[in-house]
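Numbered from 1 within each chain, the chains take letters A, B, ... in sequence-line order.
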Amino acid sequence: MSCAVEVVNLSLSYDFSEEKTNREKQWIFKDLNFKITEGDFIMITGHSGCGKSSLINMINGVIPNLKKADVQGDIYIHGHCVTNSPVRERTKAVGSVFQNPREQIIFDQVADEIVFPMENINETPQRMRDKLNSLLSMTGLSADAQTDTLSGGEKQKLMTACTLGMGQKILLLDEPLANMDARSAKELLELLKRLSDEDGYTVILSEHRQELVLPYVDKIFFCVKSTDENVEMTLEIRDKAEDYACDLSSLSDRTSREKTNVAADAKQVFSVENINYQVGDRVLFENFSWQINRGEEWVILGENGCGKTTLLNLLFGFVRPTSGAIVSPYSKKRNKRKIGYVLQNPDYQLFMPRVKDELYLNASSPEFVAQLIRLFGFEHMLERHPLSLSEGQKRKLGFACIIANEPEVLFLDEPTVGLDDEGMEQLLYALQILNEKTGNDRTIVTVSHDKRAIPYLGDHFLVLSHCEPYLQFCNNKTPPTSELPAPMLTERAI
Amino acid sequence: MCKRTRDIHPILSLIFSLLLFVMGLLFVKETWFWMYAITFSVLFLLFRYEKLMLKLIPFVLVFGLVMGSLTLINGSMQDALYAIYRVLALGLAGVLSMSIRPIRLVRSLNQLRVPRWISLGLLIVIRFIQIFREEIRRIRQAIALRGIRFASTPALWSRAFFIPLTVRMLSISEGLATSLETRGFSTDSEGSSFEVICFKGRDLAFSILFLTCLTVYVYLFLRGR
């Protein structure tokens, strides 16, 4: 097998000060050397903000061509030096799938989006049609679906399909599973594995959800802290994961916990009464009824695009059901302030000039904020601008700002996406602290795909499904496994 | 291969939409303007544009009344009526322009050898308007979630609105640019086309009827002069 990607003495720095020499500069990576053979399936992993995306972007040329950075060393693709080649030159050999698929969509229909890169490389209409059909059946997307009505996970699938359509033999995927349900993630990974084993594709994928990817990979690139003080990260290359374990032992597993405080006659906080809701022609809820009592902790599970986030928006009142009603004391404008809602994308909720200001804005008690600062390790970044933080740090900050208000009802939309194990642990501890403050009387509704976190996020499960009936739900501690997306819950959760 | 569709050819729709608007503006002061509006409304109904027409009625009513009322402050009843007619002309043109699917317009422009950077730039501009609207909606929701009210803290509200908006717009622009580059878009090559946009019998029928009606009204207009 020949070499697909070779990196020689590759260094990356965002330190542009001209008066500093190479020795004085702060480097993200310094003198990396590795070879990736054709047909390899590689996972790049490490904690949030460690440079996984940067490494991928250096290979596809986004850094330094589109994002300014000091890059030294050489990159070879299929034996050709591409260090000075523009992105479009590298695109002939390398396909890329980025984070935030929403920002990359140009067209309003799925089919147009998928064929666009094929049009760029001058494919014939017949070949485009064949590829389109196979990609649609692979992703389960509909050709005529409007891209703005797709869920986050479906958008991710769409962008992956776009890249696969171009047929480059090296695929770079930056957290492609972040918004995907377990079934879709498994399907994508199986497809990538097939491409790698049977067709010689080289797959390089960065991901936090290691437990999903581990069974498929040949090698793992761990981004670990460097011992050199001028260099932040270095790479450790292993053939297979050695000990991957996320220690959450000190957290109470909510599925095994007896919740004594939720009385049988607990006050109803949301009563969903026979609602119908549809987006365009797509029916999401049909005669759906559901009740949430004070102190309950619900986790909404289900496939991509089945209406999980929409359900949170219906409960909050951002959207109204087509028919039926949602009765809640929190429907009144003045009571809405008692609901905390952590959005999937933290960029919308951060706007103050410093991290400190963001945390104390509307905070209920300074002591709790101080506790959150310690827990999330914000001590050294209090004076920084919130939008200068890494994606993972922003997500933690967005979450901390909302819970600092100590809301009575908390909605969490995919709170652990893009978080490493440490970040996820911090977030779950914060939830536990918040709960203990009120004697577990807080109502929490979480949407999550994250197998790592689900057992700790709730003890009631609502499973939404595309199949008939539109949804099934189980309001006890043991959701029927058959109704859960196949590999979603571990034995620990059930 | 031509795709079977009910849509009128995008280039024709664009040209006829412009014609309808410009001629409408010329004809507003004619006594027969209402006939002009009815004629083209019937033509649109014949060619199954009823859904788009229904969508535009609220816009025409509200915008027309607002424009009419504003004109009435300094003008006569007649001037107010002309203002409403202008909005009506805009509404009529809107039916055709709103029926154009941006991708079909881009593909037909490409077929006419318009450089791809122009046609795709046009598409991205159209797309950006939709994204902009969606971003504003999301940011307003996020502001509400943090309990910030414009009435009580206008400075904080403005900050919470404009900072995420700027950041999101920059982030989306960067994402789109990166996405285009990595999906092989290049201004140097023409690229192929998934769908050929053809002129069909339906386009011919629409063009004949449209141009005949328009010619009659142009004749009436010129005769009046």
Side-chain angles (χ1 to χ4, degrees), chain A residues 60-62 65-67 86-88 90-92 94-96 98 100 102-109 111-112 115-125 128-129 132 148 159 162-163 166 313 316 318 336-337 339-343 345 347-353 361-362 387 401-402 405, chain B residues 1 101-104 106-107 110 116 120 123-124 126-128 130-131 134-135 137-149 156-168 171-186 188-196:
Chain A
N60 62 21
V62 169
N65 289 303
L66 301 177
K67 287 181 185 167
V87 177
R88 85 176 62 124
R90 298 191 202 192
T91 298
K92 290 174 184 164
V94 180
S96 309
F98 298 99
N100 303 327
R102 214 178 133 247
E103 294 174 3
Q104 299 159 46
I105 293 174
I106 304 168
F107 299 92
D108 53 5
Q109 241 174 31
D112 297 328
V115 297
F116 171 67
M118 296 188 240
E119 288 180 324
N120 291 337
I121 55 169
N122 282 310
E123 288 282 23
T124 61
M128 281 192 245
R129 207 159 289 118
L132 173 67
D148 51 6
M159 296 320 294
C162 287
T163 303
M166 290 179 78
N313 288 339
F316 189 83
F318 277 147
K336 276 220 164 89
R337 292 178 190 193
I339 302 179
Y341 190 158
V342 180
L343 300 174
N345 187 343
D347 282 354
Y348 294 110
Q349 290 183 307
L350 304 176
F351 47 83
M352 296 301 281
L361 180 75
N362 295 339
L387 296 170
C401 293
I402 298 295
N405 298 350
Chain B
M1 196 171 75
R101 273 189 52 219
I103 183 67
R104 279 174 54 81
V106 168
R107 284 185 180 141
N110 287 345
R116 287 189 91 208
L120 204 78
L123 178 77
I124 290 175
I126 296 170
R127 176 85 190 140
F128 215 76
Q130 289 171 6
I131 293 174
E134 175 61 16
E135 287 301 312
R137 188 185 67 79
R138 284 178 185 232
I139 290 165
R140 290 182 63 181
Q141 284 184 348
I143 295 174
L145 291 173
R146 302 241 13 213
I148 298 163
R149 306 270 175 274
L156 187 62
W157 190 95
S158 308
R159 185 178 185 94
F161 181 79
F162 288 108
I163 289 180
L165 185 67
T166 312
V167 169
R168 290 296 301 150
S171 170
I172 289 168
S173 312
E174 193 184 291
L176 275 176
T178 310
S179 169
L180 282 173
E181 286 265 343
T182 54
R183 285 198 274 166
F185 175 75
S186 162
D188 307 334
S189 86
E190 283 184 8
S192 53
S193 186
F194 177 62
E195 182 194 3
V196 182

In the structure I gave you, are the side-chain heavy atoms of B:Arg183 and A:Glu119 within less than 4.5 Å of one another anywhere? no

Measure distances from A:Met118 to the heavy atoms of chain B and classify the residue's part below 4.5 Å as side chain, backbone, both or neither. backbone

Apply ring pair (Phe, Tyr, Trp, His ring centres under 6.0 Å) to A:Phe116 and list each qualifying residue two or more places apart in sequence or on a separate chain. A:Phe107

So which part of A:Met128 gets closer than 4.5 Å to some heavy atom of chain B, the side chain, the backbone, both or neither? both

Which bit of A:Arg88 is near chain B, if near means a heavy-atom gap under 4.5 Å: side chain, backbone, both or neither? both

Find out whether A:Asp108 and B:Pro102 are in side-chain contact, i.e. whether some heavy atom of one side chain is under 4.5 Å from a heavy atom of the other. yes

Using heavy-atom distances under 4.5 Å, tell me whether A:Lys92 contacts chain B through its side chain, its backbone, both, or neither. neither

Structural part of B:Ile143 lying under 4.5 Å from a heavy atom of chain A: neither

Just so I know, are the side chains of A:Arg90 and A:Asn60 near enough to count as touching, which here means a heavy-atom distance under 4.5 Å? no

Highest number of heavy-atom pairs under 4.5 Å with chain A among B:Leu145, B:Ile163, B:Val167 belongs to B:Leu145

So for A:Asn345, is it side chain, backbone, both, or neither that comes closer than 4.5 Å to the heavy atoms of chain B? side chain

B:Arg149 versus chain A, the contacting section by heavy-atom distance below 4.5 Å: side chain

Going from CD on A:Gln349 to CZ on B:Arg138, what distance comes out if it is rounded to the nearest 0.5 angstrom? 12.0 Å

Close side-chain approach of B:Gln141 to A:Tyr341, heavy-atom, < 4.5 Å: no

Please rank B:Gly175, B:Ala142, B:Gly184 by heavy-atom pairs under 4.5 Å with chain A and give me the top one. B:Gly184

Name the member of A:Pro86, A:Gly61, A:Ser96, A:Pro353 that forms the most heavy-atom pairs with chain B at distances under 4.5 Å. A:Pro353

Which atoms of A:Ile106 are under 4.5 Å from chain B, going by heavy atoms: the side chain, the backbone, both sets, or neither? both

Is any NZ, NE, NH1 or NH2 atom of the basic residue among B:Glu134 and B:Arg137 found under 4.0 Å from an Asp or Glu carboxylate oxygen of the other? yes

Ring pair (Phe, Tyr, Trp, His ring centres under 6.0 Å) against A:Phe318, all qualifying residues, sequence neighbours excluded: A:Phe316

At a heavy-atom distance under 4.5 Å, which candidate from B:Ala177, B:Pro164, B:Gly147 has the highest pair count against chain A? B:Pro164

If one checks every heavy atom of B:Arg168 against chain A at 4.5 Å, the contacting part turns out to be side chain

Looking at A:Leu132, A:Asn405, A:Asn313, A:Ile105, which makes the most heavy-atom pairs under 4.5 Å with chain B? A:Ile105

Taking only Lys NZ, Arg NE, NH1 and NH2, and the carboxylate oxygens of Asp or Glu, determine whether A:Asp112 and B:Arg107 approach each other closer than 4.0 Å. yes

